[in-house]
Amino acid sequence: MSVSDEERGLARYRVFLAIPYTRSLIGWSLVARMPIAMTPLALLLLAREHGATYAAAGAVVAAYGLALAVGSLVAGRRVDRRGPSGVLLSRAVAFPTLLVVVIVLAAVDAPTYLLGLAAAAVGAASPPVSSTVRMVWPRILPDTLRSTAYSLEAVAQETIFVIGPLLTALLALIDPALALGVTAAAALVGTLAVAWLPPVREAGSGVASGGGLLGALEAPGMRTLVVYSLIIGLSFGAIEVTMPAFAEGHGARELGGLALAAFSAGSLVGGIVAGALPGGDDRARFLRYACLLGLSLAVFEVAWSIPSLCAAAFIAGLPIAPAVAALYGLVDRVAPKWAIAESFAWFGTAIMFGLSIGTAVGGAVVDGAGTRWSLAIGPAAALVAAGFVVLRRATLVRVETAT
């Protein structure tokens with residue numbers, strides 16, 4: 001079943017969802033990926049519940065995040081070499097088991113450094129569900145529907161980061177350990193279900209082993225996309241740390257969460273709309289949305305109140321998912337064929353490091369110069385990122401690599 005590039009709107013989604021296994025991949029991968037958004041907050045709340053300071057609890061979460069960034073690359077490379085099913089099955093057991101270890105350590109009041117080590121082990125064992133699903137889409141979809149699939153992927157990420165923290169907070173009202181336990185259950189059930197889907201079991205290993213120490217980064221186009229992702233992550237990190245500070249300056253720090261939700265909601269809506277449009281050339285779409293994203297983030301500069309901040313956040317968020325979806329399409333296009341899963345993992349790793357840098361820089365600017373200057377970091381960094389990919393656009397072409 002296929003859809004022409006001229007068809008758009010609900011017709012594209014109807015055809016997409018009628019293809020075997022698309023609904024199962026979306027549904028079970030959402031369950032399996034929910035821990036991405038739940039684990040950091042659950043770890044923080046559990047550590048605090050058992051007496052850790054905010055600094056110590058933050059260190060536990062940081063240990064998890066750094067290990068996740070590195071572990072996802074290792075997992076992606078294993079998927080490329082060995083195929084996704086076996087890697088997913090082993091980590092479907094290891095990840096929740098290690099979460100239970102964290103719960104037990106907290107229950108016996110173990111030292112915080114042991115919680116940090118266990119949290120790092122959790123991050124390193126995270127199942128590579130996102131990179132697996134993204135490498136499977138081209139195997140089961142016609143070219144004309146890949147842009148729709150990648151748009152839904154971007155929408156799924158926003159959905160996870162809206163629902164995950166809210167669910168974690170609600171469960172933590174009962175007990176933070178319960179929140180971490182539900183996280184473990186979601187990872188176990190969702191990952192096992194994804195691993196046993198026929199398109200995943202039949203994916204097999206990469207075309208052939210290849211590459212040196214740089215792995216996927218041997219492709220010039222991948223280096224371009226990773227640098228872009230790092231800079232855009234910095235942009236988002238600065239914005240996200242500034243929103244609560246802006247809200248606090250207007251009388252209600254906790255309402256900064258509304259602006260963060262509006263940011264994600266704008267991205268979600270933009271992704272749904274983009275997925276209903278004809279695909280076209282991934283490079284042209286990516287360059288267009290990258291430039292539009294840099295411009296849209298400048299809307300934050302006109303915010304003067306919490307309601308206007310929320311409105312600005314929604315508008316600013318609209319191009320995010322479309323830009324990410326086009327980037328996914330480019331990864332599939334420019335990555336070495338022996339490193340597809342690793343290439344998709346690089347996107348998440350670069351974003352994560354960028355967010356960390358942006359949060360630190362944005363917080364320092366808030367303290368030293370105020371929220372108006374900190375909000376300006378977002379569009380400035382995004383425009384630098386857009387300019388970088390425009391200058392490097394010649395690298396965003398399919399490159400045949402030796403296998």
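FYI, side chains are in, hydrogens and waters are out, and symmetry mates aren't considered; it's all heavy atoms of this structure. In this text, all values refer to a predicted model and were calculated from it rather than measured experimentally. Along the sequence shown, residues are numbered consecutively beginning with 1.
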### Query
For G362 and I377, which heavy atoms make the closest approach, and how far apart are they?
CA-CD1, 4.2 Å
### Message
Would you say S374 and T371 are linked by a side-chain donor-acceptor pair, where the criterion is simply a distance under 3.5 Å?
### Response
no
### Query
Any salt bridge between D282 and R285, counting N to O under 4.0 Å?
yes
### salt bridge (charged side-chain N to carboxylate O under 4.0 Å, His left out) against R91, all qualifying residues, sequence neighbours excluded
none
### Task
Verify the distance criterion only: is there a donor paired with an acceptor across the side chains of T39 and T183 at less than 3.5 Å?
no
### Message
Donor-acceptor pair, distance only, cut-off 3.5 Å: does the side chain of H50 make one with the backbone of A106?
### Response
yes
### Distance-minimising heavy-atom pair for A341 and D80
N-OD1, 2.9 Å
### Query
Side chains of T224 and F388: closer than 4.5 Å at any heavy-atom pair?
yes
### Message
Strictly distance-based, threshold 3.5 Å: is any side-chain N or O of R393 a donor or acceptor partner for the main-chain N or O of R283?
### Response
no
### Query
Does E342 reach the main-chain N or O of V74 with its side chain, forming a donor-acceptor pair under 3.5 Å?
no
## Note on the structure
Smallest heavy-atom separation, A63 atom then G116 atom, equals CB-O, 3.6 Å
### Steps toward side-chain contact (heavy atoms from CB on, under 4.5 Å) verdict (I19, T22)
CA-CA 6 Å; I19 294 175; T22 54; 3.8 Å; yes
### Message
When you measure from the side chain of S343 to the backbone of A335, do you find a donor-acceptor pair of N or O atoms at a distance under 3.5 Å?
### Response
no
### Message
To the nearest 0.5 Å, what is the distance between CG on L225 and CG on L230?
### Response
12.5 Å
### Query
So which heavy atom on A94 is nearest to which on A125, and how close?
CB-CB, 4.2 Å
### Task
Check V334 against G221 and note the closest heavy-atom contact, atom names and distance.
CG2-C, 3.9 Å
### Query
Under the 3.5 angstrom rule, does the side chain of R392 hit a backbone N or O of P220 as a donor-acceptor pair?
yes
### Message
Just verifying a value: how many Å separate I36 CD1 and M352 CE, rounded to the nearest 0.5 Å?
### Response
8.0 Å
### Task
Take L66 and V70, measure what side-chain contact (heavy atoms from CB on, under 4.5 Å) needs, and give me the verdict at the end.
CA-CA 6 Å; L66 290 173; V70 176; 5.9 Å; no
### Message
With rounding to the nearest 0.5 angstrom, report the CG to OG distance, L99 to S126.
### Response
9.5 Å
### Query
Would you say R223 and T395 make side-chain contact, with heavy atoms under 4.5 Å?
no
### Message
With a 4.5 Å cut-off on side-chain heavy atoms, are T132 and S85 touching?
### Response
no
## Note on the structure
The single option from F286, Y289, F347, W346 that satisfies ring pair (Phe, Tyr, Trp, His ring centres under 6.0 Å) with Y228 is F286
### Message
side-chain hydrogen bond (donor to acceptor under 3.5 Å, both in side chains), that's the test. Do S264 and S267 meet it? Break it down for me.
### Response
CA-CA 5 Å; S264 294; S267 177; over 6 Å; no
### Task
Measure the spacing between CG of L178 and CG of L171 and express it to the nearest 0.5 Å.
5.0 Å
### Task
Determine whether T168 and L180 make a side-chain contact, defined as any pair of heavy atoms from C-beta on separated by less than 4.5 Å.
no
### Closest heavy-atom pair and its distance - I231, A385
CG2-CB, 3.7 Å
### Query
Going by heavy atoms in the side chains, are S72 and S131 under 4.5 Å from each other?
no
### Query
Looking at side-chain heavy atoms only, is the closest gap between W196 and W28 below 4.5 Å?
no
### Task
Could you check V269 against F314 for side-chain contact (heavy atoms from CB on, under 4.5 Å), going step by step and ending with a plain yes or no?
CA-CA 9 Å; V269 170; F314 181 85; 4.1 Å; yes
### Output field: ring centroids W137/Y21 closer than 6.0 Å
no
### Query
Between V299, L297, V384, L295, which is the residue that forms a side-chain contact (heavy atoms from CB on, under 4.5 Å) with P379?
L297
#### Entry: side-chain contact (heavy atoms from CB on, under 4.5 Å) between V104 and V101, worked out
CA-CA 5 Å; V104 172; V101 171; 5.7 Å; no
### Task
Check for a donor-acceptor pair, side chain of S296 on one end and backbone N or O of L293 on the other, with a separation under 3.5 Å.
yes
### Query
Can you tell me how far the OG atom of S229 sits from the CE atom of M222, to the nearest 0.5 Å?
8.0 Å
Throw together a table of side-chain donor-acceptor distances under 3.5 angstrom for residues 184-192, partners on residues two or more places apart or in other chains.
from, atom 1, to, atom 2, distance (Å)
T191, OG1, A187, O, 2.7

### Summary
Partner of V200 under side-chain contact (heavy atoms from CB on, under 4.5 Å), picked from V129, V133, L88, is L88
### Pairwise side-chain contact, P199 with R139, heavy-atom cut-off 4.5 Å (strictly under)
no
### Query
Would you call P128 and V87 a side-chain contact if the rule is heavy atoms closer than 4.5 Å?
yes
### Query
Just checking, any donor-acceptor pair under 3.5 angstrom between side chains of R134 and Y328?
yes
### Task
Please round to the nearest 0.5 Å and tell me the distance separating atom OG of S235 and atom CD1 of I357.
12.5 Å
